[in-house]
Colleague: 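Quick one: the structure is below, questions incoming.
Just follow the structure's listing: the first ligand is 1, and inside any ligand the first atom is 1. Everything numeric in this text was worked out from a predicted model, so none of it was measured.
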Amino acid sequence: MQIKILGCSGGIGAGMRTTSLLVDNDVLIDAGTGVGDLPLEALLKIDHIFVTHTHLDHIVSIPLLLDTVMGLRAEPITVHATLEVINILKQHVFNWLIWPNFNLIPDPATPFLRYNEIFVGNGVKINSKTITAVPANHVIPAVGYQIDSGKNSLVFTGDTAGSTNFWHDVNQIGNLKVLIIETAFSNAEAELAVLSKHLCPATLAEELVHLQSHPAVYITHLKPGEDATIMQEIAANPKTQHCKALLHQQIFNL
Ligand SMILES: [Zn+2]
Ligand SMILES: [Zn+2]
């Protein structure tokens, strides 16, 4: 199983893309601006999109992807998400006003967009990999994901503040090799991090104390302009100095 980071920034700008992970060539975890870098032939191979939550930096490419590939492929694209997230997408994105309702196009029996409701803790098997939602704690309904090749697992937190439920689930994973965890703000913005339910280096250190295994830990969702400061603060703390910044285009073979 290969996981390629299409975007891992908290914002946009030259060389920066918002959150998206491509698993093998058929699954996206979130669909931020990084999806737009893929050539058309790669876009055509995406069959499944697992959504952590509906903030725009994580979903902006879903409507555009559907519009780009539909008519060029026979099969629908399936969006996997919790019921709360599906309902937000239906009500606020695919509502004919922001974007057409591709769940009814070209006809309701064979739509371009299908939804699959997922539940935290219940794995969805896609070819040889299993994708399981794990708990998150954000300002709107959100989950993270465990992506398991059968041999190794990668866990991606999505956007989250601290969550004991998350660590409970992650500590059950016997083959965890990589943990991607967000740290959106620097310590100077700790208050904003709490309000928006993101992490800063200080709260990252408090969270990582709960981790009982020893995966490689990568930091994502750094706010542009604060990225160097955030990573310096993480490197300065003995509890987090092993963490590395996740890189745009980074590849994990698991
Ligand atoms: Zn968010
Ligand atoms: Zn975000």
Colleague: Below 30° counts as parallel, above 60° as perpendicular, anything between as tilted: where do the rings of F252 and Y218 land?
Modeller: perpendicular
Colleague: For the residue pair H55 and H53, categorise the inter-ring angle as parallel (less than 30°), tilted (30 to 60°) or perpendicular (more than 60°).
Modeller: perpendicular
Colleague: Please work out whether the ring planes of H221 and H198 are parallel, tilted or perpendicular, with thresholds of 30° and 60°.
Modeller: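 If you compare the ring of H221 with that of H198, the planes turn out tilted.
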Colleague: With the side chain counted from C-beta on, respond yes when I49 and D30 share a heavy-atom pair under 4.5 Å apart, and no when they do not.
Modeller: no
Colleague: Please say whether the positively charged group of K90, taken as NZ for Lys or CZ for Arg, lies over the ring of Y115, i.e. under 6.0 angstrom from the six-membered ring centre and within 45 degrees of the axis.
Modeller: yes
Colleague: In total, how many protein N/O/S atoms does one find closer than 2.8 Å to the Zn ion (ligand 2)?
Modeller: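 Protein N, O or S neighbours of the Zn ion (ligand 2) under 2.8 Å, waters not counted, come to 4.
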Colleague: Can you tell me if W167 and Q212 form a side-chain donor-acceptor pair at under 3.5 Å?
Modeller: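 No pair is found: no donor N or O on one side chain lies under 3.5 Å from an acceptor on the other.
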